Each structure stands twice: as structure tokens, then as C-alpha cells.
Amino acid sequence: MQGVFLAGGPTLERNAYEHIINRSRTLTMLGHTATLAEALNEVLCSRPDLLLIDKRTLPPAVLAPPRMVLRQAATLTRLAFIGTVPVGEIASYLRDGVTGILSHEMDTHQFVTGVDLVSRGGVVISPPTTFDAAPSLSPLPIVDRLSAREREILALIPTQPDNESLAQLLRISPLTVKSHVNSILRKLGATSRARLVVIAYESGLVTPGTPGRRHLSGHRDAGLDG
């Protein structure tokens, strides 16, 4: 069982999330508090696999103090937000250690699946995400190092939890996907899937709230391993 601690949000909502999490087969709620500061003290004792943070608990801007708090929390456990995040802030939060953004619009199954994936080390960025801070971006030159298929896979990584789901979406083998992902990591000098998510957003290759295959490069060979 993956242990979850929840910080922030109205008491009624926290109780509802506790009910949902405790009814799942893979998760258990270790506790919840009204503030992030209180949660950090509890996390030191309970050592959850995931700290869920209601986004409304943080100030609206990405200021130094909350970012320092997030980085501190990320040394203790994995972090995920409940709520929406402006697209222009996603990469910053990912760098600070937040590996999950779970929308209020998710249904119960999607929410439980997302929490479970993040608690086990996955990266989940769910739409809808606000676009008020989103500049008009064109892909940065760094992604030019990648082949067309590799750019296609990089654009899908933020919306797919693992290589198996990528393989199913693209109708290629998991081994082929793994080979492509390893090549992307090497070419971009990245060491983790989370870093690839950051690059995908920072480069402008992908934006949240769009269909999973919006940024495909026009391949018609989806049934081929290549």
C-alpha cells in the first residue's frame, strides 16, 4: 500500500479525498492537515510515499519562499498538486520536485490512478491547465537533436505514465519505445523521465490540455516498430 498525506483545502474536501483514497486497493491516507507547514511536520514522522498539496494552499505566484518549501518537501517524499497550474509555471514546479498535477475535473478512477502512479515514481500532468501565463512558443533548438519519431515520443511522455502505455498508443512494441526513450535521454543529456517532461514543456513541443496525440509528426506507420 502506498501511503498518502494531504495538505490544504477545505475540511469537507479533505474528508472526501480521504474516503476515496482509503477505498482504493493500493492507497491509504496517513493523514491530512489544513496547511502545508503543518503537513511538513507530520511528513517527518509518517514518511508517506506521496504528499498531495491542494494548489490553493500556495500563493498564486511562483515566489521564492513557496518554491523553497516545495524543494524541502521533495527531499522527504514525492509531491503532487490537486488543482490547475498555468502552463508557464509547470516546468518550474517540476524542477522543484512536483511530479503530479491532478485536475479537479478528474473522475474518481482517474484520480486514484494518478495518485498511485505519482506515488510510485511516475509523472502525471492532467488537463485542464490554465493558459493565462502561456507564451506563444516554438520548439527550442534542443529538440532538433531528435528524430521525428523521438520528438513524437517526447511530446507524448507528459501524458503517458509509462512505456507500456506509449507502446499501446503508438502500436509499437514496449522494447522499441524503451529504445527510443533511452536515445532521447542520451541526446538531451537527461537522467530521468521527469526531466523529459520539463524539456517537453519548456521547448514548447507540448502544452497541457491538448489531446494526447496533438503533436504527432504525421506518421502513417503507427503499426510499424520504428
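This is a predicted model, so every value here is computed, not measured.
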Are [X] and [Y] packed together at the side-chain level, in the sense that at least one heavy-atom pair is separated by less than 4.5 angstrom?
X	Y	value
I21	L52	yes
R14	T11	yes
T26	Q2	no
V98	V85	no
I199	R195	yes
V4	Y17	no
M29	L6	yes
F5	E42	yes

Roughly how far, to the nearest 0.5 Å, is [atom2] of [Y] from [atom1] of [X]?
X	Y	atom1	atom2	answer
H32	E38	NE2	CD	11.5 Å
E13	R56	CD	CZ	4.5 Å
R171	T176	CZ	OG1	15.5 Å
I125	I101	CD1	CD1	4.0 Å
L36	T57	CG	OG1	7.0 Å
L51	T77	CG	OG1	6.5 Å

Quick one: do L76 and I53 end up in the same hydrophobic cluster if we chain Ile, Leu, Val, Met, Phe, Trp and Tyr together by side-chain heavy atoms under 4.5 Å apart?
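Yes.
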Go through the steps for H180 and S183 under the test side-chain contact (heavy atoms from CB on, under 4.5 Å), then give the verdict.
CA-CA 5 Å; H180 283 308; S183 176; 5.6 Å; no
Heavy-atom closest pair, residues [X] and [Y]:
X	Y	result
D49	M1	OD2-O, 4.0 Å
L94	V198	CB-CG2, 3.3 Å
T84	K55	O-CG, 3.7 Å
L79	V118	O-CG1, 4.0 Å
A167	S173	CB-C, 3.9 Å
E152	L170	OE2-CD2, 3.8 Å

Assess, by modelled atom type and distance only, whether the side chains of S179 and N182 contain a donor and an acceptor separated by less than 3.5 Å.
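The criterion, which ignores hydrogens and geometry beyond distance, is not satisfied for N182 and S179.
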Hey, is CG on L44 packed in by over 12 heavy atoms from elsewhere, all under 6.0 Å?
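Counting other residues, nucleotides and ligands, CG of L44 exceeds 12 neighbours.
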side-chain contact (heavy atoms from CB on, under 4.5 Å) evaluation trace for L27 with S119
CA-CA 9 Å; L27 304 169; S119 70; 4.1 Å; yes
